[in-house]
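Notes follow once the structure below has been shown.
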There are 2 protein chains.
Amino acid sequence: MNTRELTGRQKEVLRFIENFLLTRGFPPTLREIAEGIGLGIKNIASVQKHLKSLEKKGYIKRIPRKTRGIELTSLKLSNLNIIPIIGKVQAGLPIPAFEDVEGTIAVDSLFVRNADGTIALRVKGESMKNAGILPGDVVVVKLNEQINDNDIVVAFVDGEVTIKRIKRKEDTIDLVPENPEFDVITIKSNEERLYILGKVVAVFRRIG
Amino acid sequence: MNTRELTGRQKEVLRFIENFLLTRGFPPTLREIAEGIGLGIKNIASVQKHLKSLEKKGYIKRIPRKTRGIELTSLKLSNLNIIPIIGKVQAGLPIPAFEDVEGTIAVDSLFVRNADGTIALRVKGESMKNAGILPGDVVVVKLNEQINDNDIVVAFVDGEVTIKRIKRKEDTIDLVPENPEFDVITIKSNEERLYILGKVVAVFRRIG
DNA sequence: CTCCCTGGTATTCATTTGAACACCATTATA
DNA sequence: TATAATGGTGTTCAAATGAATACCAGGGAG
């Protein structure tokens, strides 16, 4: 048999573990698995064998002697980032304050590597429409990130929050919208009207 | 003290639990917490008190008498969906086949309610640019969903995969791009050139 | 036929674990 | 001043748990 193919019973065990973990928040014990797939409570040895098979075929990883020590290869929690969604950013000095935290959002590490210094905001306005950032979208913002030319940033201008593309000139900084209906905001370097909150690193949208 | 505010020690305990769960894949035992925050191994009673405080303030939920029975309010795994990323969709009858599964992606239930019959695809081409769907984006597709007029769909036309907005006319179906540089594809209802794979329900993009 | 893998049943055992007490110190609040 | 909340220490105990072992049966591969 192929090294990755599962027997019916093994599939059943794997599905049970996945489902248990997703609904309960932690992996099952051997006895919980036994019960879950309709085996007698005394019948842990069978479960042990199934788990050994699943591990050999690469679907799970077991941590020896640890209660509930089962990791799913398909669901690596270490690939997850929990990021707070901020409802309102309040102007303030020296740094703006985050208010109305709506909750948290789980983001795959495919989009965000590290949750440190990262927040999520809801997009208002159409100024970045042509960059594929629409009203209602959720943008993920890295706060303490190096800002490079042409980055899309979340900026405070005169106390207002806005998303724009940044372009540095000789003596000015341009905040460029990606929508011809909006104007470029030009700020002289010596003015104190601008505060760059962070860099937009991901965009999420739900449709329908 | 506010019902939600945490003391320094309580914060420390919560951070430890979060970090443990995310890196190890399952919550810690009381003794692991005790060790993790620098308490003696015998000192479980203190941890019990901290957990009780954290639960009272709504940050965690405990499942009595269960080893590692700690749920994080901020990280509800039940709010997570694990969706396969399909590298290539192969034309085939009666339904296309999914090949080159790149892996899985975790999606917050904020964007996808249910993982059943759901896949993720990478966008190629700019035909939906003005709908905020760009090349390289990941789109989430519901396979067995009711298709309504004006939905954005993944369609097979003459064996080619494409993302378009669907508009039903009297005797034809129009697949409308959201980019003036692309043409509308019109298909007569009696032709067998069209297969609707599913409906696009979410778009994800990484920037930079 | 023999060997290996799968799958189930039954039992034993050392550890681990959550829970419950008792006791103490500090600090903030009423 | 009294009271509650926080935070730490030490101990005991029943229950839960992973591991190991032995036994049995069927099927596929060589």
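Note that the structure is a prediction, hence the values are computed from the model and not measured. Protein chains get the first letters and strands the later ones, always in sequence-line order, with residue 1 at the start of each.
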Residue pair B/Arg165 / B/Ile152: nearest heavy atoms and the distance that separates them: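 In this case the closest contact between B/Arg165 and B/Ile152 is NH2-CD1, 3.7 Å.
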
Atom pairs, protein N/O to nucleotides 7-15 of chain D N/O, distance under 3.5 Å:
unit_1, atom_1, unit_2, atom_2, d
D/dG7, OP1, B/Thr7, OG1, 2.6
D/dG7, OP2, B/Thr7, OG1, 3.1
D/dG7, OP2, B/Gln10, NE2, 3.2
D/dG7, O6, B/Lys49, NZ, 3.4
D/dG8, OP1, B/Arg9, NE, 2.6
D/dG8, OP1, B/Arg9, NH2, 3.1
D/dG8, OP2, B/His50, NE2, 3.4
D/dG8, N7, B/Ser46, OG, 3.4
D/dG8, N7, B/Lys49, NZ, 3.4
D/dG8, O6, B/Lys49, NZ, 2.4
D/dT9, OP2, B/Asn43, ND2, 2.5
D/dT9, O5', B/Asn43, ND2, 3.4

Below 4.0 Å: OP1/OP2 of C/dA19 and any side-chain N or O of B/Arg62: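 It does, given that an N or O in the side chain of B/Arg62 lies less than 4.0 Å from OP1 or OP2 of C/dA19.
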
A/Lys52 vs D/dG18: side-chain N/O to OP1/OP2 distance below 4.0 Å: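 No, A/Lys52 has no side-chain N/O under 4.0 Å of OP1/OP2 on D/dG18.
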
Scan nucleotides 28-30 of chain D against the protein and return all N/O pairs shorter than 3.5 Å with their distances rounded to 0.1 Å.
none

pair B/Leu121-B/Ile119: side-chain heavy atoms closer than 4.5 Å: yes

A/Glu18 side chain near A/Leu75 side chain, heavy-atom distance below 4.5 Å: no

Side chain to side chain donor-acceptor pair (under 3.5 Å) partner of B/Arg62, chosen from B/Gln48, B/Glu55, B/Glu71: B/Gln48

Terminal helix-axis angle for the helix from C/dC1-D/dG30 to C/dA30-D/dT1, with five pairs defining each axis and rounding to 10 degrees: 30°

Sequence neighbours excluded, every pair satisfying salt bridge (charged side-chain N to carboxylate O under 4.0 Å, His left out) that has a member inside residues 140-159 of chain B: B/Asp151-B/Lys199, B/Asp158-B/Arg193

Qualifying salt bridge (charged side-chain N to carboxylate O under 4.0 Å, His left out) pairs, either residue in residues 105-127 of chain A, two or more places apart: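 Residue pairs with at least one partner in residues 105-127 of chain A: A/Glu102-A/Arg122.
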
Output field: ring centroids A/Phe26/B/Phe26 closer than 6.0 Å: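 Between A/Phe26 and B/Phe26, the centre distance exceeds or equals 6.0 Å.
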
Atom pair distance, as rounded to whole Å: CD1 in A/Ile63 and P in C/dT15: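 Atom CD1 in A/Ile63 sits about 21 Å away from atom P in C/dT15.
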
Closest listed nucleotide, where the reference is the side chain of A/Thr67 and the choices are D/dA19, D/dG18, D/dT6: D/dG18

Side-chain donor-acceptor contact under 3.5 Å, A/Ser127 with A/Asn179: no

Strand-adjacent residues in residues 13-27 of chain B, judged by heavy atoms under 4.0 Å from DNA chain C: none

